[in-house]
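The next block holds one structure in the form of structure tokens; read it before the comments.
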Amino acid sequence: MTGIPPPHGGRVPILPVRDPMNAFDTKLAENDLVLGRGDVEILQLNVGRVCNQTCRHCHVSAGPNRPEILSEDVAREMIDFLDRAPTVHTMDITGGAPELVPPFRWLVTEARRRDLHIIDRCNLTILTEPGHEDLARFLAENRVHVVASLPCYTSGNVDKQRGDGVFARSIKGLSMLNDLGYGISPDLPLDLVYNPLGPSLPPPQASLEDDYRKRLREDFNVSFTSLITITNMPIGRFRTDLERSGKLEGYMDVLLGAFNTAAIPGLMCRNTLSVDYLGYLHDCDFNQMLDLGLSGRRLHIRDMDGEKLRALAIATGDHCLGCTAGAGSSCSGVLVR
Ligand code: SF4
Ligand code: SF4
């Protein structure tokens, strides 16, 4: 079998044989490929499932009543890990709405002190929630890269997926960020995230970005840095919707039929470590939502370091086909340009 080199060089770990193989592993085997993990470069923290929204496609099934919230002790263990993994250059904070979790600002300031690139996956409406009026300024002062969900540039489509009134509040949040220099100054990147409304692959990222830029500028005087398109993963609330409407099988066929080997070198599980709010480790945020532990095991961040991590195989499942369909998909957008 052909080992895919790690993202930035180094050895390819020896992987255990998986039996039985899922549809994703079968596709890899058919193409004579295995997944190899590289150095961990991105620490992606899912700090809880509490959110001020309840979007239909949410792969985290987040909402206001979810009790899962990061504690201060686990937040400290997340920061301590950085000293044992010097190859990490980015802290990517997600949720739920990560800003609702009490240690959020502490994590940001600790990462900033270590000169890491910091990403906040922000739902925009949190910026106008009572009690969070100073959040946008805090993010700007700490040079946090904001990655914000906006699945369309029209209110009808956004409100249908994310709830009534969400579009108007999202535009208000974007305007607040623009006023601080986000999406305008190179130091303050503001990326928007698009995901399809239904069971189809996203359209080409570059042309959709042009449409977004034109419409948001002309209709709302809003600027942003880049548009990221993400394929809906067949998990969580989106999967339940597909099951209810009898569309799950058809969607899996779409993903399988669009399998693209060129997406594999960029898969985020190859250089990202995903950590849940209790400190347990996963190969990516999607696996985390499926309760699939790192390399199929239950491992905690307090016991992990960069070297140990390199030796562990990546746990996969049928849902991985969402990352390799078409132009590929990751938290940073398409994988094949
Ligand atoms: S998609 Fe984002 S904003 Fe919507 S419920 Fe899930 S975590 Fe909250
Ligand atoms: S779902 Fe996770 S483990 Fe599977 S290919 Fe995508 S990033 Fe990798």
Under 3.5 Å, side chain of [X] to main-chain N/O of [Y], donor-acceptor pair present?
X	Y	value
Glu133	Gly131	yes
Arg237	Ala62	yes
Arg270	Gly36	yes
Asn232	Pro196	yes
Thr225	Leu190	yes
Asn271	Asp39	no
Asp120	Val146	no
Thr90	Asp92	no

Should [X] and [Y] count as side-chain neighbours, where that means a heavy-atom distance under 4.5 Å?
X	Y	value
Ile126	Glu129	yes
Leu107	Ile118	no
Arg297	Leu312	yes
Leu281	Ile301	yes
Leu242	Met252	no
Arg143	Leu188	yes
Leu139	Tyr182	yes
Leu192	Leu216	yes

Applying salt bridge (Lys or Arg N to Asp or Glu O under 4.0 Å), run through Asp134 and Arg105 and close with a yes or a no. CA-CA 12 Å; Asp134 64 337; Arg105 295 192 187 204; 3.1 Å; yes
Shortest non-hydrogen separation from [X] to [Y] and the atoms involved:
X	Y	answer
Ser332	Arg337	O-NH2, 4.4 Å
Asn287	Ala315	ND2-O, 2.8 Å
Thr324	Ala263	CA-CB, 4.0 Å
Thr229	Pro202	CB-CB, 3.9 Å
Val222	Ser175	CG2-OG, 4.0 Å

Among Tyr212, Tyr194, Phe224, Phe220, exactly one meets ring-ring contact (aromatic ring centres under 6.0 Å, His included) together with Tyr153. Which residue is that? Tyr212
For a side-chain hydrogen bond (donor to acceptor under 3.5 Å, both in side chains) with His282, tell me which candidate from Asp276, Asn46, Thr272 qualifies. Asp276
Establish whether [X] and [Y] are linked, either directly or via other cluster members, by ILVMFWY side-chain heavy-atom contacts under 4.5 Å.
X	Y	result
Leu45	Phe138	yes
Val334	Val254	no
Phe104	Leu278	yes

Stepwise salt bridge (Lys or Arg N to Asp or Glu O under 4.0 Å) check, Arg310 with Glu307: CA-CA 5 Å; Arg310 286 280 307 238; Glu307 269 307 300; 6.0 Å; no
Is the NZ or CZ atom of Arg162 both under 6.0 Å from the centre of the six-membered ring of Phe167 and within 45° of that ring's axis? no
side-chain contact (heavy atoms from CB on, under 4.5 Å) involving Glu68 - partner list, sequence neighbours excluded: Arg49, Arg66, Tyr277
As an exercise, state the distance from NZ of Lys27 to CD1 of Ile264, rounded to the nearest 0.5 Å. 10.0 Å
Using atom types as modelled, flag every donor-acceptor pair under 3.5 Å from a side chain in residues 69-82 to any protein atom, sequence neighbours excluded.
residue	atom	partner	partner atom	Å
Ser71	OG	Val74	N	3.2
Glu77	OE2	Arg302	NE	2.9

Among Leu127, Thr125, Asn123, find the one that has a side-chain contact (heavy atoms from CB on, under 4.5 Å) with Arg169. Thr125
When you look at Asp303 and Lys308, which way does the salt bridge (Lys or Arg N to Asp or Glu O under 4.0 Å) test go after all the steps? CA-CA 9 Å; Asp303 304 316; Lys308 277 188 203 164; over 6 Å; no
